[in-house]
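Data block below; observations after.
Computation of the quantities below employed the complete heavy-atom set of this structure, encompassing side-chain atoms and omitting hydrogens, waters and symmetry-equivalent molecules. Order of the sequence lines fixes the chain letters, A, B, ..., with proteins taken first and strands second; residue numbering starts at 1 for each chain.
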Amino acid sequence: MLDLKTVRERPEWVEARLKTRSGHYDLTTFYALEAEKRELQAKTEKLQARRNEISRAVGRMKANKEDAAELLTEMATLGPLLKETEGALRTKEEDLQSELARLPNLPAEEVPIGPNESGNVVLRSWPEGFKQTTPATWTPLNHWDVGERLGILDFASAAETVGARFTFFRGAGARLIRALTAFMLDLHTLEHGYEEILPPFLTNKESLFGTGQLPKFEEDLFCLRDEPFYLIPTAEVPLTNMVRGQIIDESRLPIKLTAWTACFRREAGAAGRDTRGLIRQHQFDKVELVWITRPEESMEALESLTSHAETVLKRLELPYRTVALCTGDMGFASAKTYDLEVWLPGQGCYREISSCSNTLDFQARRMKARLRRTETKVVEPVHTLNGSGVAVGRALVAVLENYQQADGSVVIPDALRPYLGGISLLKPTM
RNA sequence: GGAAGGAUGGCAGAGCGGUUGAAUGCAACGGUCUUGAAAACCGUCGAGUCGCAAGGCUCCGUGAGUUCGAAUCUCACUCCUUCCGCCA
């Protein structure tokens with residue numbers, strides 16, 4: 001949620017910033033609503049003040065056994081009028097709020113301006129001097145071919161029992177998912193200082209509003225038929241909402257949380273895209289990183305958080321690059337986003353494996369998550385950040401494609417071996 | 001699922017329908033005292049919103065109702081606690 005004051009006081013700046021995003025945002029109805037609302041508010045409060053005055057006077061007169069008939073007559077007309085005005089104000093406020101809630105965050109000043117992903121800027125690649133070459137003597141396979149030959153990915157069974165965009169991981173495949181998850185959680189908790197959380201995989205409307213998935217992106221979510229719950233599309237939702245409604249002592253910040261969860265997405269707008277393989281599933285595992293910070297430290301925190309996600313890929317020795325998303329490609333709540341894209345030799349391209357965002361106070365305002373300054377006692381919104389550290393399914397894709405050998409076998413990355421009970425090589429079964 | 005109780009400020013915990021935005025305690029902050037600290041004492045101490053300001057208005061789980069006036073009365077809902085049943 002944008003700060004109402006900023007939107008009101010710097011309209012041309014806000015509009016210019018919004019214009020750099022994809023989609024167009026017209027603020028004229030917003031400003032009209034805002035003006036009407038303030039007028040109504042002034043009127044309502046004047047009436048309320050009078051009502052309070054009268055009831056105080058009536059109380060005093062009754063105590064003194066005086067006659068309050070005249071005041072009661074005034075209330076007879078003022079009462080209904082007030083009720084009507086209050087109702088109108090309330091409606092207007094709701095309209096205004098829902099206008100405001102539909103506006104995305106303003107991109108930070110340093111974010112490159114661009115219309116879509118073509119405007120993104122590659123900041124760095126790892127390892128340095130990495131060449132996107134493929135072996136001369138053999139052609140790397142797609143991960144789904146690698147996985148099926150190893151007997152660890154079973155798409156057919158999933159299609160049968162559930163439908164498209166689901167997978168059964170079998171044997172070493174299931175174990176690899178578990179190993180990747182444990183490796184990432186250990187890294188973040190033991191070396192990067194995060195608290196591990198195991199949150200609920202269901203959430204409610206309020207939390208989804210807090211992080212910005214609702215009201216605009218309902219069609220991306222799975223919801224239950226008989227209960228008012230949604231399946232989480234990312235652990236960002238429960239983790240960030242842990243501080244919802246709270247006033248946190250400045251001394252307790254930053255709060256750094258990590259969690260493994262399954263994530264559930266409708267992928268409603270992605271029909272026909274990435275239909276094969278693990279890249280775009282309705283359910284996938286992800287290790288998430290969330291920071292709750294003081295405003296002045298959030299941009300630095302974004303660099304740390306991103307480096308923590310990068311460390312996962314470095315330890316797994318997976319080539320990747322770090323990309324600054326441009327204004328046209330950023331998510332709704334984000335003010336600044338870095339994507340990590342991992343190299344997939346089987347497909348000959350880089351694919352997103354992590355997305356790290358600073359939402360500044362955008363989610364905090366929606367959640368009413370605030371901090372209290374130690375010195376001044378002033379209360380102000382916290383800043384929230386989130387990032388994947390990293391997507392587990394896509395990490396498996398990257399391992400399968402990068403570690404495959406000419407004979408169809410897959411070498412287990414060193415970092416994962418402690419989690420795989422000594423397995424160091426997966427051999428094809430067919 | 002059944003029964004009972006509860007929901008008030010950072011926490012604890014009062015609150016005859018009318019200066020109660022809310023006693024009291026703790027915590028916190030400022031000060032006095034002290035070489036320093038502790039203790040003691042004095043003071044400050046909820047959030048939001050409108051306004052240049054003075055000041056006004058809103059908020060005691062949520063919504064509706066009764067009333068001139070509701071934290072306080074009525075109804076519905078939500079959540080929490082305890083007991084019973086069921087259950088991974």
Side-chain angles (χ1 to χ4, degrees), chain A residues 1-9 30-101 198-210 223-224 226-230 238 241-253 255 262 292 294 361-362 364-382:
Chain A
M1 188 108 68
L2 297 180
D3 180 21
L4 188 63
K5 243 182 218 145
T6 311
V7 180
R8 201 170 61 213
E9 287 166 9
F30 175 83
Y31 289 119
L33 273 173
E34 218 273 325
E36 292 166 34
K37 180 240 153 192
R38 271 204 290 175
E39 194 177 322
L40 258 175
Q41 179 167 352
K43 185 175 166 193
T44 308
E45 290 184 0
K46 212 166 277 176
L47 292 174
Q48 285 170 330
R50 181 59 188 155
R51 176 203 56 197
N52 294 345
E53 209 178 328
I54 291 178
S55 29
R56 267 192 294 266
V58 169
R60 229 180 296 120
M61 293 172 87
K62 289 218 164 156
N64 296 337
K65 303 255 197 295
E66 293 173 44
D67 180 25
E70 200 176 315
L71 288 176
L72 293 184
T73 313
E74 184 179 348
M75 268 306 289
T77 54
L78 190 145
L81 177 62
L82 177 59
K83 191 163 262 183
E84 187 189 304
T85 315
E86 279 177 335
L89 174 62
R90 193 187 171 128
T91 309
K92 196 64 74 179
E93 258 167 356
E94 281 165 5
D95 292 350
L96 186 65
Q97 281 303 309
S98 67
E99 276 295 305
L100 194 60
L198 180 55
F201 291 6
L202 300 184
T203 188
N204 62 21
K205 267 196 155 65
E206 288 72 28
S207 291
L208 288 161
F209 179 85
C223 63
L224 303 197
D226 297 325
E227 302 285 341
F229 297 135
Y230 293 78
N241 276 286
M242 283 179 80
V243 297
R244 190 168 88 211
Q246 290 189 27
I247 299 181
I248 303 160
D249 250 29
E250 184 182 3
S251 60
R252 285 185 48 217
L253 300 175
I255 296 170
I292 314 294
R294 302 183 301 167
D361 59 6
F362 186 83
R365 279 184 201 289
R366 292 176 155 247
M367 293 190 300
K368 296 188 172 44
R370 293 155 294 176
L371 70 107
R372 187 190 307 277
R373 292 291 185 180
T374 310
E375 291 291 307
T376 57
K377 300 290 156 198
V378 170
V379 173
E380 58 185 303
V382 296

Which is true for A/R38 with a 4.0 Å heavy-atom rule: it touches a base, it touches only sugar-phosphate, or it touches nothing? sugar-phosphate
Given A/E206 and A/R244, is the salt bridge (Lys or Arg N to Asp or Glu O under 4.0 Å) satisfied, shown in steps? CA-CA 10 Å; A/E206 288 72 28; A/R244 190 168 88 211; 5.2 Å; no
Would you call A/R90 and A/E94 a salt bridge, taking side-chain N to carboxylate O under 4.0 Å as the test? yes
Pairing partner of B/G5, by Watson-Crick or G-U wobble and under 3.5 Å for both distances, is B/C80
Inter-nucleotide P distance (B/C68, B/A76), Å rounded: 24 Å
What integer number of Å spans the P atoms of B/C41 and B/C26? 9 Å
Using side-chain heavy atoms (C-beta onward) and a distance below 4.5 Å, is A/T203 in contact with A/N241? no
Would you mind pulling out the nucleotide paired to B/C33, Watson-Crick or G-U wobble, both distances under 3.5 Å? none
A/R50 with A/E53: basic N within carboxylate O range, under 4.0 Å: yes
With heavy-atom distances below 4.5 Å as the criterion, would you say the side chains of A/Q246 and A/M367 are in contact? no
Between A/R51 and B/G18, does any side-chain N or O lie under 4.0 Å from OP1 or OP2? no
Taking atom P of B/G10 as reference, at what distance in whole Å does atom CZ of A/R372 sit? 7 Å
Judged by nearest nucleotide, the residue sitting upstream toward the 5' end of RNA chain B, A/M75 or A/R370, is A/R370
Phosphate-side-chain proximity, A/N52 and B/G69, N/O vs OP1/OP2 below 4.0 Å: no
Taking only the C1' atom of each, what is the distance from B/G56 to B/U62 in whole angstrom? 27 Å
Using the side-chain heavy atoms of A/A49, tell me which of these nucleotides is nearest: B/G56, B/C50, B/C68. B/G56
Say you pick atom P in B/U24 and the same atom in B/A14; how far apart are they, in whole Å? 15 Å
Side-chain N or O of A/R90 closer than 4.0 Å to phosphate OP1/OP2 of B/A64: yes
5' precedence on RNA chain B between A/R60 and A/Q41 (nearest-nucleotide basis): A/R60
Distance, rounded to the nearest Å, where A/L47 contributes CG and B/U58 contributes P: 11 Å
I'd like the C1' distance from B/G6 over to B/U19, given in whole Å. 30 Å
B/C26: pairing nucleotide in any strand, Watson-Crick or G-U under 3.5 angstrom: B/G10
Heavy-atom side-chain contact between A/L81 and A/T77 under 4.5 Å: no
Roughly, in whole Å, what's the span from CG in A/N204 to P in B/G61? 20 Å
Heavy atoms under 4.0 Å, any strand shown: does A/K62 hit a base, just sugar-phosphate, or nothing? base
In whole angstrom, what separates A/L82's CG from B/C68's C1'? 12 Å
As its Watson-Crick or G-U partner within any shown strand, both distances under 3.5 Å, B/C60 has none
A/Q48 side chain, from C-beta outward: closest of B/U58, B/A47, B/G18: B/U58
Length of the CG-P vector between A/L4 and B/G51, whole Å: 10 Å
Distance between P atoms of B/C80 and B/G25 (Å, rounded): 33 Å
Could you tell me whether A/R365 contacts a base, only the sugar-phosphate backbone, or nothing, with contacts defined as non-hydrogen atoms closer than 4.0 Å? nothing
If we take the C1' atom in both B/G31 and B/U49, what is their distance in whole Å? 33 Å
Please state whether the phosphate of B/G69, meaning OP1 or OP2, lies under 4.0 angstrom from any side-chain nitrogen or oxygen of A/R50. no
For B/C86, which nucleotide is its Watson-Crick or G-U wobble mate, given both distances must be under 3.5 Å? none
Pairing check on B/A39: which nucleotide meets the Watson-Crick or G-U wobble criteria with it, both distances under 3.5 Å? none
Taking atom P of B/U19 as reference, at what distance in whole Å does atom CD of A/E53 sit? 16 Å
Would you mind reading off the distance between A/D249 atom CG and B/G10 atom P, rounded to a whole angstrom? 11 Å
Of the listed nucleotides (B/C50, B/G69, B/U66), which one gets closest to any side-chain atom of A/K5? B/C50
Nearest whole Å is fine: how far is B/G18 C1' from A/L71 CG? 14 Å
Sticking with atom P, work out how far B/G5 lies from B/A12, rounded to a whole angstrom. 22 Å
Return a table of donor-acceptor pairs under 3.5 angstrom between the side chains of residues 32-42 of chain A and protein atoms on other chains or two or more places apart.
residue: A/E34; atom: OE2; partner: A/R8; partner atom: NH1; Å: 3.1
residue: A/E36; atom: OE1; partner: A/K92; partner atom: NZ; Å: 2.6
residue: A/K37; atom: NZ; partner: A/Q41; partner atom: OE1; Å: 2.8
residue: A/Q41; atom: NE2; partner: A/E45; partner atom: OE2; Å: 3.0

Should A/L96 and A/E93 count as side-chain neighbours, where that means a heavy-atom distance under 4.5 Å? no
Watson-Crick or G-U wobble mate for B/C73, both contacts under 3.5 Å: B/G65
